[in-house]
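Below, chains carry the letters A, B, ... as their sequence lines are ordered, and counting in each starts from 1.
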Amino acid sequence: MDLLTILQILDSSVRLAVPLLLACLAGLYSERAGIFDIGLEGKMLAAAFMAAAIAYTSGSAWVGLLAGIGASLVLSAVHGVASITFRGNQLISGVAINFLAAGLTVVIAQSWFAQGGRTPTLQGDARFEPITLPFAESLQSVPVIGPIYYELISGHSVLVYIAFLLVPLTWWVLYRTRFGLRLRAVGENPASVDTAGISVVQLRYIAVIICGVLCGLAGAYLSTALQAGFTKDMSAGRGFIALAALIFAKWRPWHALYATLLFGFLQALALRPDLLENTLGFKVNGQLLDALPYILTVVILAGFVGKAIPPRAGGEPYVKER
Amino acid sequence: MSETAPAIELKGISKAFGPVQANKDISIRVMPGTIHGIIGENGAGKSTLMSILYGFYKADAGEIWISGQKTTIPDSQAAIAAGIGMVFQHFKLVENFTVLENVVLGAEDGALLRPSLAKARRELKALAEEYELNVDPDALIEDIGVGMQQRVEILKALYRQADILILDEPTGVLTPAEADQLFRILERLKEEGKTIILITHKLREIMDTTDTVSVMRRGEMTATVKTSETSPPELAELMVGRKVLLRVEKKPAEVGDKILEVQNLNVTDEKGVHRVKDVSFDVKAGEILGIAGVAGNGQSELLEVLGGYEKATGSIKVNGQEIDLTGAKSDGRSRRERGISHVPEDRQSEGLIMDYMAWENVAFGYHHDDRYNKGIRMDNAAIRADTEAKMERFDVRPPNPKLAAKSFSGGNQQKIVLAREIERNPDLLLIGQPTRGVDIGAIEFIHQQIVALRDQGKAILLVSVELEEILSLSDRIAVMFDGRIMGERMPDQTDEKELGLLMAGMTKGAA
């Protein structure tokens, strides 16, 4: 395998890792605050549809992005009201959101565009185009570094760079700010936050809103950057792989990056069965590669690679004790 | 003579939860620089009153005055601003945060964490010197003991400049030595001019530490007296509303044959932690063996093994016959068939199903009894009749078998479990924390029942974290620490101090 092939694989790993990373960070904010969210998938899907639909009608990817975030926020609000205000079961609320999004996106897309539950193909400004970083062209001839810069680092859409910048930002927010301290505390022991005179409800709503924004980014990326338009069920389980990555990362931002890059890499490999066959000398079942993130997560959960302890108050509505 | 304003004055506070009047027209004055005790049974309304003061609940009526100023306390933030700090019975700490982070949480100086943490570190050092409250600021909460965790709670309050400190049942989780240390800290805080409210149901703590004591009963404040002018029997009478026997009356034990023999028992839990280490002891007919120890030192696991729902290695004999510790016969039913009855430590999760009715609970574990069955059907009418009779004999109030277990008070729940187990006429009764969360009046009754069973020649293994209970009931006392039995003592040849040292893992020579 030559350098260029390796770089192409890594390049596609990066592009496939981005929606996972955004969704994983979304889940991280929510779950660190004690609100489990299996509705990441549904929120991504709704955002993907809305972003594509509005980008098509308005002709602007940015307007589409805002619409996608808006759609995701509406579902976040549903989850917040159900699980924070009404203290409902967070898993049930999440499942409901996934069903809602899976059905509604197709129905609305069909009645809106009448193209079999998809949006028309996005062109021009309706899509996030790759950005060529400065000097990428001129450095291309420099051995090793040049191709790495040109192929791997340059040439992604702006959302990719935003996603990667969100990792250090999330780390900083979580561990270096007052908000981060409170967010982590409310997921571990909401009573301690409550008795310190801080509103548990408000903190959790903020976390759920951040989760909604990030899921919106992830969904918009799918339909307006990675692909050129919305297709039925296009999130394809990424919300669940992001959850698996979150457990794999033990709810830590940098580890979330590593986990989603690994899972992105596995997805990239699954797209190139020829490469794997040539390198290994035998055929690897693509479905096995698709299943690997889940298998790895089960291994983690079984405690083989250290223990993954979720935030202690996760999944439980906070009820003030008498 | 100029009169100083009370640190806290409550006037006519009332609070109802639905039809239940938790606080009825309560007025109280707490003078600055004093330790003021509030004593009362469970459900007397102590915690509700303090929750109103800390902004958790809003009173239906009444006024709060802080240092001569009328104040409203709509939330905890307002309580903190008014200089009130609260140390809850169950600590409100984030387990995987450091001491420093816990202290800072909610009292940060700005949006960024570092300056706040640096400032808190300096202040903690100053507070540690001023009040002798040494804690490692970088230790994780989950790594330090409960005594230390309680200090962190006190430091949290002091860091927020609290002048009034409310402590809710602070000694429940402490060893006697840790409790003494706590009271020294409270004395010190008082000397520095802080006002302390101590909520407890332990008469001895009130007598030893407070200047003034208020007694609550059924939501009402029945009396406020100077501690030096009252006595434990008087306080108990004020709490319960009738004369209470504080000492257990019992004859010397008439000890018979060995009923239970435990040899080299070892228990490792599912996390791989070695909980019970090489424990050997026996219990004879007609005696009560009390096992003392701070919660979490292997007593619970010991009871679970004996009760048949935890595996172990070693040997246990009942009436001279070996008991299956790991195989098919190591379950609760087999144990009951061998004459062992078990009143578990946590009646709400292990002794009862709270949503089920009393009569259903009485049948649990004994549902295969012939008297309760008619062919393949359960004879519900017979169970209900039996429950009614048991409730009568054990003075369960209200004596209604169709009421859900959760609708009874703690004492009455315990009486239901006790009636179910004792009336099986066991050879050996295992009983854990018999009076946890039980009113003084019911404690008296439960203790009498245990002693009566002993006098019938039964063997009783009593596990309790209440040292007073161990001392007054037991005929022999074993102390557990870190999974081992540290030693056995006779109750008339030992005292709380010696047992306290054993409970902390110190033998006399080392201390």
Side-chain angles (χ1 to χ4, degrees), chain A residues 28 31-34 168-204 206-207 210 249-253 255 301-304 306-314 316 318-322, chain B residues 15 17 20 22 43 45 47-48 50-51 54-57 73-82 84-98 100-117 120 141-142 152-153 156-157 159-160 166 168 271-272:
Chain A
L28 192 146
E31 301 210 346
R32 276 288 186 143
L169 181 69
T170 299
W171 176 86
W172 183 80
V173 165
L174 223 49
Y175 296 104
R176 287 289 180 268
T177 68
R178 172 176 62 190
F179 171 71
L181 183 77
R182 293 176 174 186
L183 187 83
R184 285 182 289 136
V186 83
E188 290 289 333
N189 186 357
S192 72
V193 171
D194 194 16
T195 53
I198 311 162
S199 165
V200 171
V201 168
Q202 194 184 330
L203 264 176
R204 288 190 160 173
I206 293 173
I210 295 175
K250 298 177 188 169
W251 294 267
R252 292 170 297 183
H255 293 75
L301 281 178
F304 289 115
K307 236 187 177 162
I309 303 167
R312 263 163 255 205
E316 287 168 24
Y318 177 60
V319 184
K320 208 174 265 198
E321 70 184 76
R322 279 184 64 168
Chain B
K15 174 77 189 172
F17 295 103
V20 184
S47 296
T48 305
M50 291 305 123
S51 296
Y54 197 64
F56 264 26
Y57 301 128
I73 302 182
D75 53 29
S76 303
Q77 195 87 57
I80 294 166
I84 300 172
M86 182 118 173
V87 176
F88 290 87
Q89 186 175 7
H90 304 287
F91 304 145
K92 310 292 182 189
L93 298 170
V94 183
E95 293 261 304
N96 55 3
F97 276 20
T98 63
L100 203 58
E101 287 171 322
N102 269 289
V103 168
V104 162
L105 181 67
E108 306 91 344
D109 294 299
L112 295 184
L113 218 45
R114 272 195 185 168
S116 303
L117 289 173
I141 295 299
E142 58 200 356
V152 177
E153 286 284 16
K156 260 169 74 177
Y159 184 72
R160 288 159 172 75
I166 305 170
D168 190 5
K271 287 185 196 137

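Here OG1 of A:T195 is found 7.5 Å from CD1 of B:I80. Values are rounded to the nearest 0.5 Å. A distance of 9.5 Å separates OG1 in A:T177 from CD in B:E108, rounded to the nearest 0.5 Å. Of the inter-residue distances, the one linking A:R178 atom CZ with B:L105 atom CG reads 11.5 Å to the nearest 0.5 angstrom.
Residue B:E142 places its CD atom among more than 12 non-hydrogen atoms of other residues, nucleotides or ligands, all under 6.0 Å distant.
Contact annotation: the side chain of B:L112 never approaches that of A:R176 to less than 4.5 Å [non-hydrogen atoms, C-beta and beyond].
With hydrogens and angles ignored, the 3.5 Å screen pairs no side-chain donor or acceptor of A:Y175 with any backbone N or O of B:L113.
With sequence neighbours excluded, the residues satisfying salt bridge (Lys or Arg N to Asp or Glu O under 4.0 Å) with B:D109 are B:K119.
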Under 3.5 Å, sequence neighbours excluded: what are the donor-acceptor pairs made by side chains of residues 183-192 of chain A?
{"unit_1": "A:R184", "atom_1": "NE", "unit_2": "A:L174", "atom_2": "O", "d": "3.0"}
{"unit_1": "A:R184", "atom_1": "NH2", "unit_2": "A:L174", "atom_2": "O", "d": "3.3"}
{"unit_1": "A:E188", "atom_1": "OE1", "unit_2": "A:R312", "atom_2": "NE", "d": "3.2"}
{"unit_1": "A:E188", "atom_1": "OE1", "unit_2": "B:N96", "atom_2": "ND2", "d": "3.4"}
{"unit_1": "A:E188", "atom_1": "OE2", "unit_2": "B:N96", "atom_2": "ND2", "d": "3.1"}
{"unit_1": "A:N189", "atom_1": "OD1", "unit_2": "A:A191", "atom_2": "N", "d": "3.3"}
{"unit_1": "A:N189", "atom_1": "ND2", "unit_2": "B:L93", "atom_2": "O", "d": "2.7"}
{"unit_1": "A:S192", "atom_1": "OG", "unit_2": "A:N189", "atom_2": "O", "d": "2.7"}

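Closest heavy-atom contact between A:G197 and B:S76: CA-CB, 3.9 Å.
Interface residue B:Y54: only side-chain heavy atoms are found under 4.5 Å from chain A.
Residue with the most contacts toward chain A among B:M86, B:E95, B:K156, B:R160: B:E95 (heavy-atom pairs, distance under 4.5 Å).
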